[in-house]
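Just so it is clear: chains get the letters A, B, ... in the order the sequence lines come, proteins before strands, and each one is counted from 1.
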2 protein chains.
Amino acid sequence: MTKEPKAGAIRQHNKQRILAAAEEAFAEHGFKGTSVQKIADMAGLPKTNVLYYFNSKQGLYIAVLEQILSLWNSAFDSATVEDDPAEVLAQYISDKMRISQEKPQGSKIFALEIINGAHNLTDFFKHNHVSWMQSRVGVIQQWIDQGKIDTQDPYYLLFHIWSCSQHYADFSAQITELKGSKMNAQDFEQATRSLVQLILKGCGLSVPSKYA
Amino acid sequence: MTKEPKAGAIRQHNKQRILAAAEEAFAEHGFKGTSVQKIADMAGLPKTNVLYYFNSKQGLYIAVLEQILSLWNSAFDSATVEDDPAEVLAQYISDKMRISQEKPQGSKIFALEIINGAHNLTDFFKHNHVSWMQSRVGVIQQWIDQGKIDTQDPYYLLFHIWSCSQHYADFSAQITELKGSKMNAQDFEQATRSLVQLILKGCGLSVPSKYA
DNA sequence: CAAAAACCAGACCACTTGGTCAACATTTTT
DNA sequence: AAAAATGTTGACCAAGTGGTCTGGTTTTTG
């Protein structure tokens with residue numbers, strides 16, 4: 001069992017400092033490509049100190065992962081059949097795009113983790129993830145059955161929403177190269193509108209004026 | 001200049017052997033996570049031999065990258081305004097999905113490379129890529145101007161096509177987890193139809209019967 | 001204020017890494 | 001068949017790795 005000493009303002013502060021540095025480093029160089037020493041330098045602490053708070057490099061990595069996942073909630077999580085699919089999906093896409101804009105590192109780390117086989121995601125998380133998926137697929141299927149949106153496999157719809165929105169975080173280097181400059185806030189707005197229109201129209205929905 | 005000794009059946013054969021092993025290893029563990037020793041083992045050769053053909057680990061990695069990129073061509077590359085956008089886009093999406101199914105390692109390596117900042121892609125490739133993009137964006141824009149497809153930023157449309165199709169290669173671990181089993185040929189067919197419908201309908205096009 | 005708990009950090013270690021070198025074997029060319 | 005080019009390989013190395021240990025300092029607590 002991991003010891004969890006209560007409170008400790010210093011502990012709190014230092015752990016946060018280390019987590020922030022680790023998130024940046026892991027996002028940029030991956031797990032193997034990041035050394036504990038480098039994280040320590042970025043956090044302005046000796047290496048031993050990092051290992052003191054997080055017992056191992058992997059422990060720190062998992063802590064980073066969990067912190068990221070805890071921030072990925074959305075109104076879509078609790079949507080029901082009663083809700084308007086156009087409204088709910090548009091909101092969900094907007095949420096995911098905002099996360100890609102504001103927390104690109106998290107998305108990158110998650111992507112790296114999945115590409116490498118997701119070996120560090122706990123069974124607890126995986127189980128949660130599967131449950132969430134089944135529940136959301138259920139709602140979408142009901143929308144389909146009621147003829148509110150086009151017939152399709154709800155799994156693929158969700159995959160497509162994720163991939164497009166996360167693309168703006170994960171592949172930012174490529175996007176910058178191709179567009180000639182880094183995407184700014186206005187670009188993100190436009191990309192979001194573009195994606196909302198594509199997905200909603202692609203599902204046979206019309207875009208709520210709020211997102212047009 | 002890199003010496004390129006003519007012919008040499010042995011050379012050809014060994015290099016190919018090493019490239020294949022390296023592709024598999026890099027896709028699974030990334031650049032930093034793969035040791036030259038491991039690649040050598042997989043290729044059934046001593047480490048020194050690998051370094052003999054490719055002067056460094058990075059050299060080998062770049063060779064792998066170039067080999068991958070050389071296979072990513074499609075009919076879309078040479079499409080013109082005269083062509084039917086529905087037909088061309090549906091074909092392009094199908095092509096990209098087939099690559100995700102048949103060559104997932106390549107897609108993964110490319111994704112890892114981009115996430116990590118694309119530092120190993122040569123300027124030559126980047127320039128080619130930008131040119132390709134501008135040319136394709138031009139064609140799409142003309143389709144828009146002629147009212148053949150919905151008004152939108154062509155850049156984002158292409159990003160969305162890429163991200164969705166590559167998602168099936170890069171995030172296969174997550175998909176398998178969520179769907180409960182690895183995607184088979186039939187699943188890929190269905191996913192392709194689903195994506196073609198989403199994108200085309202999202203652009204205001206109707207799906208050619210061939211892809212419905 | 002003293003003891004206990006928490007925190008800090010240099011020295012150190014076993015191990016892996018990419019890469020070199022020199023000697024030897026094989027193939028190709030003349 | 002001699003010479004030149006190409007291929008093969010074990011021994012070796014310097015640098016970097018995650019992680020431990022030990023002894024100290026600071027902070028918290030009774």
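Among residue pairs with one or both ends in residues 34-54 of chain B, none qualify as ring-ring contact (aromatic ring centres under 6.0 Å, His included); sequence neighbours excluded.
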- Note on the structure: Counting primed atoms, P, OP1 and OP2 as sugar-phosphate and everything else as base, the B/S/- map of nucleotides 25-30 of chain D against protein heavy atoms under 4.0 Å is --S---
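Rounded to whole Å, the distance from CD on B:Gln16 to P on D:dG7 is 15 Å. One interatomic measurement links the two molecules: CG of B:Leu60 to P of C:dG18, which rounds to 11 Å at whole-angstrom precision. In this structure, A:His29 atom NE2 and D:dG16 atom P are separated by 15 Å, rounded to whole Å. Taking atom CD1 of B:Ile18 as the reference point, atom P of C:dG18 lies 14 Å away to the nearest angstrom. To the nearest angstrom, P of C:dT27 lies 14 Å from NE2 of B:His13.
Nucleic acid contact for B:Tyr52: base, since at least one base atom lies under 4.0 Å from a heavy atom of the residue.
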Show every donor-acceptor pair shorter than 3.5 Å between a side-chain atom in residues 88-98 of chain A and any protein atom, with sequence neighbours excluded, or say none if there are none.
{"unit_1": "A:Gln91", "atom_1": "OE1", "unit_2": "A:Tyr211", "atom_2": "OH", "d": "2.8"}
{"unit_1": "A:Gln91", "atom_1": "NE2", "unit_2": "A:Asp95", "atom_2": "OD1", "d": "2.9"}
{"unit_1": "A:Tyr92", "atom_1": "OH", "unit_2": "A:Trp162", "atom_2": "NE1", "d": "2.9"}
{"unit_1": "A:Ser94", "atom_1": "OG", "unit_2": "A:Ala90", "atom_2": "O", "d": "2.9"}
{"unit_1": "A:Asp95", "atom_1": "OD1", "unit_2": "A:Arg98", "atom_2": "NH2", "d": "3.0"}
{"unit_1": "A:Asp95", "atom_1": "OD2", "unit_2": "A:Ser74", "atom_2": "OG", "d": "3.0"}

Please set out all donor-acceptor pairs under 3.5 angstrom arising from side-chain atoms of residues 117-125 of chain B, sequence neighbours excluded.
{"unit_1": "B:Asn120", "atom_1": "ND2", "unit_2": "B:Glu113", "atom_2": "OE1", "d": "3.4"}
{"unit_1": "B:Thr122", "atom_1": "OG1", "unit_2": "B:Phe125", "atom_2": "N", "d": "3.1"}

Below 3.5 Å, can you tabulate the donor-acceptor pairs from side chains in residues 24-33 of chain A to any protein atom, sequence neighbours excluded?
none

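More than 12 heavy-atom neighbours from other residues, nucleotides or ligands sit within 6.0 angstrom of NZ on B:Lys201. At most 12 non-hydrogen atoms from other residues, nucleotides or ligands lie less than 6.0 angstrom from NZ of A:Lys103.
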Would you tabulate the pairs of protein nitrogen or oxygen atoms and nucleotide nitrogen or oxygen atoms of nucleotides 19-23 of chain D closer than 3.5 angstrom?
{"unit_1": "D:dG19", "atom_1": "OP2", "unit_2": "A:Lys57", "atom_2": "N", "d": "2.7"}
{"unit_1": "D:dG19", "atom_1": "N7", "unit_2": "A:Lys47", "atom_2": "NZ", "d": "3.3"}
{"unit_1": "D:dG19", "atom_1": "O6", "unit_2": "A:Lys47", "atom_2": "NZ", "d": "2.8"}

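Taking OG of B:Ser107 as the reference point, atom CG of B:Leu112 lies at 9.5 Å (rounded to 0.5 Å).
Without hydrogens or angle criteria, A:Lys47 side chain to A:Ser35 main chain gives no donor-acceptor distance under 3.5 Å.
Residue order along DNA chain C, read from the 5' end via each residue's closest nucleotide, puts A:Pro46 first among B:Lys32 and A:Pro46.
Between B:Arg11 and D:dT6 there is no side-chain N or O to OP1 or OP2 distance below 4.0 Å.
In the model, B:Gln190 has no side-chain atom that pairs as donor or acceptor with a side-chain atom of A:Gln152 under 3.5 Å.
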